[in-house]
Amino acid sequence: PEKKIMFAANKEYLESHEISSVLEKIVNNTVALKPADPIGFMSRELEKLSKPPVISRVVGREVLDSRGNPTVEADIYCTVRGEEILVARSGAPSGASTGSNEAHELRDKDSGRFLGKGTKTASANVSEALNKVLKGADPCNLAAVDKAMCDADGTELKTNLGGNALTAVSFAAAEAGAKLANQELYAYFAKAFGKDTSGKFSMPRPMVNILNGGKHAGGNLKIQEFMIVPKQAAFADMLQSVTEVYHNLGKILVAKHGLSSKNLGDEGGFAPNLDNAEQALTLIEEAITAAGYTAGEDMFLALDCAASEFYDAATSKYNIAVKQALSTAEMVDFYVKLQAAHPALISIEDGLDEKDYEGWKLLTEKLGSKIMLVGDDLYTTNTNLIKQGVAEEWANALLLKVNQIGTISESMAAARMIFGASQNVIVSHRSGETVSAIIADLAVGIGAGFIKTGATARGERISKYNRLLQIEESLREQNLLA
């Protein structure tokens, strides 16, 4: 009787799941097609019929970023073919100079740990609140994952759960979705962005920070980043050219300013003790020539001024240099003259304070037809600010940083808005980075014209450049490189 009961139960189980008919069909297909690896073929056919993967749990932890400060890392586990596996892991970057409208970076403020910069609370929010809302979710639907997290937080700037918590999970979710869909991450992003993934992809031009000032370095140099932008056709050639300029600049700095001038800032650029922008640009132009390139032809210049950091709200003045405080109009005139003296200068990011909107209009009026005027602190990847800025002609380009708004889907919405206005998007890293190369795939996936990811030094910066080399090679092999 027991055997009969067991047999009946087994038969019912097999029939309820149509196992016999499924196996018969797969075996018949295998015999008909006669694949070289019949077991492999049958396993793939069975995999197609298994239940779709779902998120089983999300785990957060406190780890360190490239500056040695705590940040949030997230693991995404999924139930795949009935088994729970770790599918993806990623962490949130962190900025030094930050806009006032950025998503809230949740810190513990416990002075007894990491000088108050711990992220235990944000990490716990990943493991608890975000885990709760994402359990059972489709890991291949990034928009739905991001929306569920935003709804759980309930605030525009992620003040409840922490923008760092949401960014870490959004990054991990994107990587999980691409892996489970068996897609390259850039192609997964392209599909999520609404691009035709059967079409051609373009490689972004790197804007390479080779000389640091401001909060990234210290000293008297107020402008935060001095960058070079190559113009070669292939990304590999662009990377080679900027690396050669970078090393030549190092040699020139040592010869003129001593060995300590070769010290590195947060993003890998040299941090010499210079006094003004003219000195810095002249040195970089010398390095371009020494490397065998020509400024304004195959190598160009760009600035990230981070002007909010040297703007004095009390006096409405910009302290651009020691004992040199300029009004908004004078600051605009400063940039006009600087660009005239250095015509290879093609981009100025955050040239004015984030709320100096009338000044931004004047700057765009004076230089907007000649160069890119990039909103970083001005926009903080926020569609509400971008909508107003596009309408009022504040700037003509966006610096896109996912952690400024919280999730990848929100940053994609910002990019769509900027592209809709026929303006440029620059996908950017942060000064506090992880080794994740996800922004390289994001830049290619959405079709950004440029990427900012620091100097060609330091592992957390190089990981992005090396990933772009891999992507270019992959696209060329598939004949998908524009």
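Since the structure is predicted, the reported quantities are computational estimates derived from the model, not experimental observations.
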Original post:
Which of these passes side-chain hydrogen bond (donor to acceptor under 3.5 Å, both in side chains) with His429: Arg461, Lys452, Lys464?
Top reply: Arg461
**OP:** Anything under 30° is parallel, anything over 60° is perpendicular, the rest tilted; go ahead and classify Tyr311 against Tyr318.
**Re:** tilted
**OP:** Please indicate whether Lys117 has more than 12 foreign heavy atoms, meaning atoms of other residues, nucleotides or ligands, lying under 6.0 Å from its NZ.
**Re:** no
**OP:** Would you confirm whether Asp350, through its side chain, and Asp376, through its main-chain N or O, come within 3.5 Å as a donor-acceptor pair?
**Re:** yes
Original post:
Taking Ser463 for the side chain and Val435 for the main chain, is one N or O donor matched with an acceptor at less than 3.5 Å?
Top reply: yes
Original post:
Under 4.0 Å between a Lys/Arg side-chain N and an Asp/Glu carboxylate O for Arg467 and Glu184?
Top reply: yes
Original post:
Taking atom types as modelled and ignoring hydrogens, do the side chains of Asn382 and Asn101 form a donor-acceptor contact shorter than 3.5 angstrom?
Top reply: no
Subject >> Heavy-atom side-chain contact between Leu301 and His342 under 4.5 Å >> reply: yes
**OP:** Step through the shown structure and confirm whether more than 12 heavy atoms of other residues, nucleotides or ligands are within 6.0 Å of NZ on Lys317.
**Re:** yes
**OP:** Would you indicate whether Lys361, at its atom NZ, is surrounded by more than 12 heavy atoms from other residues, nucleotides or ligands within a distance under 6.0 Å?
**Re:** yes
Subject >> Whether Asn403 side chain and Thr167 backbone form a donor-acceptor pair below 3.5 Å >> reply: no
Subject >> Aromatic ring pairing Trp394/Tyr357, orientation class (parallel under 30°, perpendicular over 60°, tilted between) >> reply: parallel
Original post:
Between Arg205 and Phe450, is NZ or CZ placed under 6.0 angstrom from the six-membered ring centre and within 45° of the ring axis?
Top reply: no
Original post:
Between Thr380 and Ile405, is any pair of side-chain heavy atoms under 4.5 Å apart?
Top reply: no
Original post:
Does some side-chain heavy atom of Phe226 sit less than 4.5 Å from a side-chain heavy atom of Leu303?
Top reply: yes
Original post:
With a cut-off of 6.0 Å (strictly less than), are more than 12 heavy atoms of other residues, nucleotides or ligands near NZ of Lys200?
Top reply: yes
**OP:** Look at Glu330 together with Lys337 and state whether they make a salt bridge at an N to O cut-off of under 4.0 Å.
**Re:** no
Original post:
Taking atom types as modelled and ignoring hydrogens, do the side chains of Asn396 and Gln423 form a donor-acceptor contact shorter than 3.5 angstrom?
Top reply: no
Subject >> Exceeds 12 heavy-atom contacts within 6.0 angstrom, atom CD of Gln324 >> reply: yes
Original post:
Can you check whether Tyr246 and Phe270 have ring centres sitting under 6.0 Å from each other?
Top reply: yes
Original post:
Side-chain contact, heavy-atom cut-off 4.5 Å: Ser170 with Val145?
Top reply: no
**OP:** Flag the pair Ser347 / Phe300 as yes when at least one side-chain heavy-atom distance between them is below 4.5 Å, and no otherwise.
**Re:** no
Original post:
Is any side-chain N of the basic residue among Glu433 and Arg430 closer than 4.0 Å to the acidic one's carboxylate O?
Top reply: no
**OP:** State plainly whether the residues Asp75 and Arg89 are in salt-bridge range, i.e. N to O under 4.0 Å.
**Re:** yes
**OP:** Look at atom NZ of Lys355 and say whether more than 12 heavy atoms of other residues, nucleotides or ligands are closer to it than 6.0 Å.
**Re:** yes
**OP:** Taking Glu354 for its side chain and Ser100 for its backbone only, find out whether a donor-acceptor pair lies under 3.5 Å.
**Re:** yes
Original post:
Nearest heavy-atom pair of Pro272 and Leu211: which atoms, and what distance?
Top reply: CD-CG, 4.0 Å
